[in-house]
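Note sheet for the following structure.
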Amino acid sequence: MSKIEFSSEQKTALVNIIQGYCEQQLDIEIGQFDAEFLLDFFSEEIGAFYYNQGLQDAQTVVQNRIDSIADELYEIEKPTKW
């Protein structure tokens with residue numbers, strides 16, 4: 001699986017979130033390096049599952065819009081005598 005890449009700003013924010021979670025929920029203080037290592041692990045090992053789910057969710061939204069447009073086009077269709 002390929003690793004999901006983040007901008008430096010995103011990575012900094014995510015590292016801060018990981019550090020805060022570990023401290024608040026697990027009562028463990030981890031440094032920036034360890035938090036980055038954990039972020040890299042998750043992005044490499046399970047990131048694709050989240051990414052693929054996001055794509056499936058987006059595909060559902062697009063398909064629903066297409067179905068709605070098709071319904072609207074059907075409603076404005078003119079009857080023919082044939």
Side-chain angles (χ1 to χ4, degrees):
M1 288 186 210
S2 63
K3 177 180 169 182
I4 295 176
E5 298 292 332
F6 300 104
S7 71
S8 60
E9 294 83 14
Q10 291 171 319
K11 193 166 189 172
T12 298
L14 291 168
V15 164
N16 289 334
I17 290 169
I18 291 169
Q19 288 176 308
Y21 178 84
C22 287
E23 187 174 332
Q24 293 173 5
Q25 300 298 321
L26 305 175
D27 203 25
I28 299 171
E29 287 190 31
I30 64 171
Q32 181 178 348
F33 177 77
D34 289 334
E36 286 180 15
F37 183 77
L38 189 57
L39 176 61
D40 289 341
F41 169 77
F42 282 120
S43 69
E44 290 173 11
E45 298 298 324
I46 64 172
F49 293 102
Y50 286 98
Y51 180 83
N52 291 341
Q53 184 61 51
L55 289 178
Q56 290 174 4
D57 293 347
Q59 184 177 10
T60 299
V61 168
V62 170
Q63 187 61 52
N64 288 342
R65 297 283 170 103
I66 290 171
D67 291 344
S68 176
I69 291 169
D71 290 344
E72 289 179 30
L73 290 173
Y74 178 76
E75 289 175 11
I76 64 171
E77 190 175 289
K78 303 290 185 199
T80 61
K81 294 183 180 183
W82 301 87

Side chain to side chain donor-acceptor pair (under 3.5 Å) between Asp57 and Gln53, intermediate numbers included: CA-CA 6 Å; Asp57 293 347; Gln53 184 61 51; 2.8 Å; yes
Honestly curious: do [X] and [Y] fall in one hydrophobic cluster under the side-chain, below-4.5 Å linking rule?
X     : Y     : result
Phe37 : Phe42 : no
Phe49 : Phe41 : yes
Leu55 : Val61 : no

Listed partners of Gln32 passing side chain to side chain contact (heavy atoms under 4.5 Å, CB included), at least two apart: Val15, Gln19, Glu36
Distance in Å, Ile17 CD1 paired with Thr12 OG1, rounded so as to fall on 0.5 Å steps: 11.0 Å
Rounded distance (nearest 0.5 Å) linking atom CD of Glu5 with atom CD of Gln10: 10.5 Å
Side chain to side chain contact (heavy atoms under 4.5 Å, CB included) evaluation trace for Lys11 with Asp40: CA-CA 10 Å; Lys11 193 166 189 172; Asp40 289 341; 3.4 Å; yes
Exceeds 12 heavy-atom contacts within 6.0 angstrom, atom CG of Asp27: no
Min side-chain heavy-atom separation Leu39-Phe6 under 4.5 Å: yes
Given Asn64, Ile66, Thr60, the one that forms side chain to side chain contact (heavy atoms under 4.5 Å, CB included) with Val62: Ile66
Minimum heavy-atom distance between Cys22 and Ile30, given as atom pair plus value: SG-CD1, 3.8 Å
